[in-house]
Every structure is written in C-alpha cells, then in structure tokens.
Amino acid sequence: MTTAQPQELDVQPTPLALLLLGREADPRSERGVECPGDLPSPSDPDLVERARAAKERLGDKVFVLGHHYQRDEVIQFADVTGDSFKLARDAAARPEAEYIVFCGVHFMAESADILTSDDQKVVLPDLAAGCSMADMATAEQVAECWDVLTEAGVAEQVVPVSYMNSSADIKAFTGRHGGLICTSSNAKRALEWAFRQGEKVLFLPDQHLGRNTAVRDMGMSLEDCVVYNPHKPNGGLTAEELRAAKMILWRGHCSVHGRFSLESVNDVRERIPGVNVLVHPECRHEVVAAADHVGSTEHIIKTLEAAPAGSKWAIGTELNLVRRLANRFAPEGKEVVFLDRTVCFCSTMNRIDLPHLVWALESLADGKLVNRIQVDRETETYAKLALERMLALP
C-alpha cells in the first residue's frame with residue numbers, strides 16, 4: 001500500500017481571498033484588517049487599570065466615544081455614549097481634543113473625521129470593525145446603478161438619500177447628486193425634503209429603513225417600492241419598473257436587525273402576556289408592522305425611561321444595548337427582554353474590545369498615532385455637503 005505525496009499547487013490567492021483571510025486590506029471597503037502592534041492579552045487582569053492610566057495620561061487630549069452597541073467593558077471608558085451621528089457631532093463639539101477615539105465601526109469614524117477639524121485625529125481601535133450593511137453598497141456598484149437609472153431615463157427625477165450607516169464614498173456620491181444623509185430618527189423628514197426636489201428616491205443602503213419610512217410613516221404602498229439588487233444585471237429591474245417606482249431601495253440590510261422575524265414577535269407575545277414590542281426601523285417590514293412601538297436607538301432608550309414601573313418590554317435591537325437597558329431598569333420594576341430567543345451581538349461592533357482600546361490609548365499616550373481614520377479631501381467635501389443638507393432640515 002502506497003501513500004500519495006501531496007503536490008505543491010501553483011495557486012495565487014485572489015485579493016478577495018487575502019482580504020477574507022485577514023492578510024490584506026481593501027481601502028475602498030469597510031473591511032479593514034490590518035492592526036499593527038502587539039495587543040495585550042484579553043486575560044490580562046490589569047487591562048482596566050491600564051486603560052484608566054493611559055486615559056489619565058492623555059487628559060484633555062483624548063475624547064472617547066462609545067456607541068450604544070459596544071460591550072460594557074469598553075463603554076465604561078467612554079466620555080459620551082450615543083448613536084453614530086450624535087457621537088460624530090459630540091466629537092466636533094470638542095475642538096480641544098487632539099485625539100478622538102471612536103469605539104464604534106468604520107463608517108462612524110469616517111463621519112467623525114468629516115465633521116471634526118483638520119487638527120483632530122480620529123482613531124478606530126480595531127480597523128476590522130466594519131459594518132456589513134455599509135459593505136453592501138460600494139462606490140462602484142452605486143455608480144453602475146446611476147448608469148442604469150440614466151439608461152432608463154429616470155436619473156434626472158431621482159434624489160439619492162443615504163442612511164448614516166454608509167461609507168464616506170457613498171455619502172460623497174449622495175452629495176454630488178443633490179441628495180442628503182438621514183438617520184433612523186429623521187428619515188421621514190429627509191424623504192419629505194427629497195420628494196420636494198424630485199419625483200423618486202434612491203435609498204441607500206438599508207432597504208428596510210427606506211421601506212418602513214415610506215410605507216409606515218408617509219402612507220406609500222409596498223407597490224411604490226422596488227428593490228435594486230447590485231448583483232443582478234440592471235439591478236434585477238426593468239426600465240418600466242424603475243419608471244413606475246417612487247422608492248428605489250438598495251438591497252442592503254443590518255445583519256442584526258434583519259434577524260428578527262414575525263415569528264419572534266408572536267412568540268414573545270405568547271411567552272410574556274402584556275408585553276410591549278419595541279423595535280428599530282431597520283427591522284423587516286412585517287416585524288415593524290406587528291410591533292407596538294418603532295424608533296431609533298435613542299427613541300428606544302427614551303421610551304423605556306418614560307415607561308411605567310411594572311411594564312414589560314421586548315426590544316428588537318442589538319443585544320449589548322438590550323442587556324444594558326434590562327440591568328438599568330430592573331430596579332424600577334421594568335422587565336426588558338431581547339425580542340428573539342437567539343442571542344445576536346453585532347459581530348463587527350464587538351471587535352472593539354478592551355485589549356484593542358488599551359493598545360490604542362497606550363500608543364497615543366506614548367506619542368504614537370495608530371489606526372487613524374482619514375477621509376480624503378474631495379470625498380470629505382461632498383460627503384459634508386450631504387450631511388449639511390440633513391442638518392438644515394426643519
């Protein structure tokens with residue numbers, strides 16, 4: 001019996017394969033993977049003290065932002081917490097801070113760099129903290145979509161509206177084409193503005209927020225909406241469908257909020273009689289339609305703050321926040337549970353952990369700038385234009 005010897009194969013990995021293996025980085029993608037430097041061990045019992053000491057050494061030179069979806073071990077070091085846009089604005093309001101350490105994901109750090117001064121440096125503790133939703137719309141794909149709209153004869157009628165959860169490239173595209181940015185809390189006002197400028201809206205990159213806002217908040221029908229799939233020729237749509245549509249929704253979604261289903265809502269109502277279902281508008285349309293309350297992350301927090309003692313709530317958003325809210329409101333007699341039986345963290349948001357934060361803070365304290373997020377001047381100009389249109393909304 002003989003054993004065949006393995007042969008050397010002359011196979012060259014593709015750039016995508018290298019990216020997925022964590023050996024390369026795509027500068028035009030949310031998925032960065034390079035993180036130079038030696039991280040401390042996650043089992044190091046001194047991590048909390050090291051983070052505190054480094055932050056104290058930096059003093060007013062550093063301002064730490066913590067997104068609501070961050071884990072508690074990171075949130076404890078945040079100077080302010082909030083959603084992505086609130087944090088970017090908070091950073092801009094602290095011009096004396098030389099370093100902005102953004103504990104969030106890549107597109108959020110980009111927005112902070114766009115809104116802060118040239119003298120401030122935005123740092124993302126782990127460059128691999130991207131956003132799957134933002135990754136679902138690349139600059140090349142959106143440019144191709146605009147060509148499709150042009151060939152269908154509708155581009156001049158279309159106003160792009162891009163969700164804050166998008167890359168700087170997409171924000172810049174939006175600004176160049178007369179559109180604006182929106183958040184989950186002002187999406188209705190943004191769409192109302194857009195429809196005063198044109199007859200149709202191209203909504204990027206989250207189809208669910210676009211559909212829910214158009215149908216639930218503005219009285220459109222599901223038939224008014226079509227979904228553009230960048231992986232199909234012409235987006236999988238005919239010219240006639242594009243001409244008939246009011247809302248052209250990009251085929252993107254949040255990997256966390258997209259997990260919630262109508263079955264989740266029905267199940268929690270059976271398990272917890274009298275429960276209030278409160279979900280984020282990034283959830284699927286049938287989930288939003290079945291919920292008792294719908295709103296942004298900040299709306300969810302304020303709703304629970306105002307809720308009476310003894311009330312019961314099932315929350316459809318990221319687990320770190322839900323767990324934090326459950327602990328916060330338990331002493332007030334409010335029961336807060338995760339909407340689904342299946343636990344679901346935001347995997348990319350959770351890449352920002354205590355070892356990465358310690359490494360970033362200690363590096364800055366030692367005078368070494370690491371993991372800087374910097375948007376090029378042209379992209380920043382047009383992206384800021386789209387953001388300023390949003391800020392000017394009544």
Side-chain angles (χ1 to χ4, degrees), residues 32 34-84 86-106 108-109 111-113 115-117 119-130 297-298 301 318-331 345-374:
E34 295 175 350
C35 186
D38 295 325
L39 296 177
S41 168
S43 62
D44 186 342
D46 298 324
L47 284 176
V48 171
E49 184 53 40
R50 287 174 62 178
R52 184 177 293 113
K55 195 162 182 275
E56 288 178 357
R57 284 170 60 194
L58 286 161
D60 292 339
K61 292 176 64 176
V62 70
F63 191 49
V64 180
L65 308 176
H67 191 273
H68 285 308
Y69 297 166
Q70 288 292 310
R71 55 179 87 198
D72 288 345
E73 68 184 57
V74 170
I75 281 289
Q76 66 180 314
F77 293 104
D79 293 303
V80 294
T81 59
D83 59 17
S84 58
K86 176 184 180 295
L87 292 177
R89 294 189 73 180
D90 285 342
R94 292 290 293 265
E96 70 279 7
E98 181 179 354
Y99 304 115
I100 304 296
V101 176
F102 209 123
C103 298
V105 295
H106 195 273
M108 299 178 187
S111 297
D113 184 61
L115 293 175
T116 52
S117 70
D119 295 332
Q120 293 177 290
K121 302 170 184 66
V122 178
V123 171
L124 185 66
D126 185 355
L127 293 182
T297 304
E298 294 290 342
I301 295 171
E318 204 272 344
L319 182 58
N320 273 315
L321 176 59
V322 176
R323 188 170 57 185
R324 193 174 300 124
L325 293 173
N327 292 333
R328 174 184 171 185
F329 293 112
F345 290 100
C346 176
S347 59
T348 50
M349 191 77 72
N350 269 267
R351 286 182 180 273
I352 307 295
D353 55 13
L354 201 48
H356 281 90
L357 179 59
V358 168
W359 171 75
L361 291 174
E362 289 183 339
S363 297
L364 294 175
D366 291 337
K368 181 181 179 182
L369 178 61
V370 296
N371 285 12
R372 183 179 183 183
I373 301 299
Q374 193 168 20

Novice: Go through the structure and list residues passing side chain to side chain donor-acceptor pair (under 3.5 Å) with D79, not counting sequence neighbours.
Specialist: K55
Novice: Which atom names give the shortest non-hydrogen contact between V370 and A360, and what distance separates them?
Specialist: CG2-CA, 4.1 Å
Novice: Looking at every non-hydrogen atom in both residues, tell me the closest pair between A365 and A54 and how far apart they are.
Specialist: CB-O, 4.1 Å
Novice: Quick one about H68 and E298 (side-chain donor to acceptor, distance below 3.5 Å, no hydrogens or angles considered), yes or no?
Specialist: yes
Novice: Residues in side chain to side chain donor-acceptor pair (under 3.5 Å) with Q76, at least two apart?
Specialist: none
Novice: For the side chain of N350 and the backbone of C346, is there at least one donor-acceptor N/O pair under 3.5 Å apart?
Specialist: yes
Novice: Taking all non-hydrogen atoms of both residues, which atom of I352 and which atom of D126 are closest, and how far apart?
Specialist: CD1-N, 3.5 Å
Novice: Set out, in order, the CA-CA distance, both residues' side-chain angles and the distance that settles side-chain contact (heavy atoms from CB on, under 4.5 Å) for V80 and V64, then state yes or no.
Specialist: CA-CA 7 Å; V80 294; V64 180; over 6 Å; no
Novice: Check whether any side-chain N or O of Q70 sits under 3.5 Å from a backbone N or O of M349 as a donor-acceptor pair, and report yes or no.
Specialist: yes
Novice: How close do F102 and A109 get, heavy atom to heavy atom, and via which atoms?
Specialist: CD1-CA, 4.0 Å
Novice: Would you find a donor on one side and an acceptor on the other, under 3.5 Å apart, between the side chain of E73 and the backbone of L354?
Specialist: yes
Novice: Would you find a donor on one side and an acceptor on the other, under 3.5 Å apart, between the side chain of N371 and the backbone of V123?
Specialist: no
Novice: Would you find a donor on one side and an acceptor on the other, under 3.5 Å apart, between the side chain of Q120 and the backbone of R94?
Specialist: yes
Novice: Report the residues that fulfil side chain to side chain donor-acceptor pair (under 3.5 Å) with H67, sequence neighbours left out, ordered by chain and then residue number.
Specialist: none
Novice: Would L87 and D83 satisfy side-chain contact (heavy atoms from CB on, under 4.5 Å), going step by step from the backbone distance to the final call?
Specialist: CA-CA 6 Å; L87 292 177; D83 59 17; 5.8 Å; no
Novice: Could you list all the salt bridge (Lys or Arg N to Asp or Glu O under 4.0 Å) pairs where at least one residue sits in residues 351-362, not counting sequence neighbours?
Specialist: R50-E362
Novice: N320 and R323: side-chain donor and acceptor closer than 3.5 Å?
Specialist: yes
Novice: Considering all heavy atoms of both residues, which atom of N327 and which atom of P331 are nearest to each other, and what is their separation?
Specialist: O-CD, 3.4 Å
Novice: I'd like to check the side chain to side chain donor-acceptor pair (under 3.5 Å) partners of D366; sequence neighbours left out, ordered by chain and number.
Specialist: R57
Novice: Checking D90 now: which residues fulfil salt bridge (charged side-chain N to carboxylate O under 4.0 Å, His left out) with it, not counting sequence neighbours?
Specialist: K86
